[in-house]
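This is a predicted model, so every value here is computed, not measured. We name chains A, B, ... by the order of the sequence lines, and we start the count at 1 in each one.
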There are 2 protein chains.
Amino acid sequence: MPRAGLIGASVTEAAAQVADEISPAPLRMSVVAERLGVKGPSLYKHVDGLDDLTRRVAILGVAELGDALREAMQGRAGRDALAAAAQAIRTYVKQHPGRYAATIGLGPTEGDDPVAVELDRTLSSFGAVLRGYRLDPDAEIHAIRMLRSALHGFATLEVADGFQMSADIDDSCRWMVDFIDRGLRAAETS
Amino acid sequence: MPRAGLIGASVTEAAAQVADEISPAPLRMSVVAERLGVKGPSLYKHVDGLDDLTRRVAILGVAELGDALREAMQGRAGRDALAAAAQAIRTYVKQHPGRYAATIGLGPTEGDDPVAVELDRTLSSFGAVLRGYRLDPDAEIHAIRMLRSALHGFATLEVADGFQMSADIDDSCRWMVDFIDRGLRAAETS
DNA sequence: GCATCAAGCTATTAGTCGTAGCCACCCCCG
DNA sequence: CGGGGGTGGCTACGACTAATAGCTTGATGC
């Protein structure tokens, strides 16, 4: 019996692909195993069950989303950075719905948890968007949460076909970006 | 063998309770049956399988959320209506996470679908929030989507423990409501 | 009072995750 | 170079799930 040469990372990558393809259905060990040309129980030599595998996919998703955000925002500030971040999130959620869905519900993290460091890196991108606006430091955390809520909500509703009406969704995204940009500029400490 | 006297609606209600209690875990027929004092297969006399039951829970959730929104916004306008809507959504999602999660992913609906009429009723509440602002009619649909994205995103991130930092979440909600209110007033057709 | 329909049940099938235990391959080390 | 150990596959199994088939009994209507 020839060895498939699996390694932890390759199992996670295959699981992420499967999760994206079958989203919103839950990830299944048997499908991941089949994708890797291996029988189900073999996976348990590399990952510690379905929960662990899902968690690994979530961590991968957080890291990839953070990379996408940083790349999109490189060299941009203010409205440009905001629009780039929104577009990056929408694109990532549409291309990798399973990975992104896994990232939600990672729950609170401990300080030294590998999840926490990736999550911090990714969430700091939202703070970077605000760097272009001179906000009251006390307001920054609220602004980050508002930003994250709006972009997360928009992307998830879009991918879930939650927008019933017929207007163009790109137009709506631009409108929301402009709305937030105007609000943030109006909130600058004068 | 005494009859449990089940009716479709009571099965849906029990399933909704179970879904809320075990959220974010998926709904299971066996748990619903146990809750009703009945064996699993008996449920199939009342609902058409797990997918159908989940869909019924989702419809119930949409209807209840719409009721909660209308009640909260009664007699309010402008910022008051906006704050009431935000609070109503947050409360509903926290009290009924399973119902609410089921509502996402109902997908696009046909015109005469019972889902569509409840969904329209509920979504019209977001339009009602905007009634207090004199917006350009062309912008209204974008504003509705922005509003829904922000409130949906905030509530889901809150219930998923997605807000890592330590600032008070109620404060952040108030800040976001104020932010949107100021933006909408600034966008009024002068 | 009887017949019919509805609503429960048990038994079964197929599919899931996960564990136990086996076996062969590969590498390292003496 | 040869053996031992660790590694990574496998099959077999147990417990759980949804769902169907078919039976039986209770309730209702004529």
Side-chain angles (χ1 to χ4, degrees), chain A residues 1-61 97-99 101-107, chain B residues 1-61 97-99 101-102 105-107:
Chain A
M1 48 201 78
R3 303 211 166 180
L6 297 189
I7 197 66
S10 58
V11 175
T12 302
E13 179 58 36
Q17 289 178 18
V18 171
D20 290 337
E21 290 166 16
I22 68 178
S23 180
L27 191 58
R28 272 179 295 208
M29 296 293 278
S30 56
V31 180
V32 177
E34 189 180 14
R35 173 69 52 100
L36 290 165
V38 130
K39 297 302 172 66
S42 303
L43 295 180
Y44 290 81
K45 292 288 167 76
H46 302 282
V47 298
D48 194 14
L50 183 58
D51 286 348
D52 175 54
L53 184 54
T54 302
R55 185 177 180 80
R56 287 167 189 254
V57 170
I59 297 172
L60 178 66
R99 290 156 151 94
T103 65
I104 312 301
L106 272 175
Chain B
M1 49 200 78
R3 300 213 166 179
L6 297 189
I7 197 65
S10 59
V11 175
T12 302
E13 179 57 36
Q17 289 179 18
V18 170
D20 291 335
E21 289 166 16
I22 68 178
S23 180
L27 190 58
R28 272 173 296 174
M29 295 292 279
S30 55
V31 180
V32 176
E34 190 180 16
R35 172 69 52 99
L36 290 165
V38 129
K39 296 303 172 65
S42 304
L43 295 180
Y44 290 83
K45 292 288 165 77
H46 302 282
V47 297
D48 194 15
L50 184 59
D51 288 346
D52 175 53
L53 184 54
T54 302
R55 185 178 181 79
R56 287 167 189 254
V57 170
I59 297 173
L60 177 66
R99 289 155 151 96
L106 272 176

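Listed in residue order, the members of residues 16-29 of chain A having a heavy atom less than 4.0 Å from DNA chain C are A:Arg28, A:Met29.
Summarising the geometry, the separation between CG on A:Leu36 and P on D:dG8 is reported as 14 Å, rounded to the nearest angstrom. The CG-P distance, from A:Leu43 to C:dC17, rounds to 9 Å in whole Å. Counting to the nearest Å, the P atom of C:dC9 and the OH atom of B:Tyr44 are 14 Å from each other.
Each of B:Lys45 and B:Asp51 has a nearest nucleotide on DNA chain D; the 5'-most of these lies closest to B:Asp51. Nearest-nucleotide mapping onto DNA chain C: of A:Asp48 and A:Val31, the residue sitting toward the 5' end is A:Val31.
Side-chain N/O atoms of A:Ser30 include one lying less than 4.0 angstrom from OP1 or OP2 on C:dC17. Between C:dT10 and B:Lys39, a contact under 4.0 Å exists linking OP1 or OP2 to a side-chain N or O. Checking the phosphate oxygens (OP1, OP2) of C:dA6, no side-chain nitrogen or oxygen of B:His46 falls inside 4.0 Å. Listed pair B:Ser42 / C:dC9 meets the phosphate criterion, a side-chain N or O lying under 4.0 Å from OP1 or OP2.
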For A:Arg56 and A:Glu13: C-alpha separation, side-chain torsions, deciding distance, then whether salt bridge (Lys or Arg N to Asp or Glu O under 4.0 Å) applies. CA-CA 9 Å; A:Arg56 287 167 189 254; A:Glu13 179 58 36; over 6 Å; no
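Atom CD of B:Glu21 has more than 12 heavy atoms from other residues, nucleotides or ligands within 6.0 Å. Counting heavy-atom neighbours within 6.0 Å of A:Asp48 CG, excluding the residue itself, gives a total of 12 or less.
Under the 4.5 Å side-chain criterion, counting only non-hydrogen atoms from C-beta, A:Val18 is not in contact with A:Glu34. Residues A:Thr12 and A:Ile59 are not in side-chain contact: their nearest non-hydrogen atoms beyond the backbone lie 4.5 Å or more apart.
Contacts of B:Arg55 classified as salt bridge (charged side-chain N to carboxylate O under 4.0 Å, His left out), with partners at least two apart in sequence or in another chain: B:Asp113.
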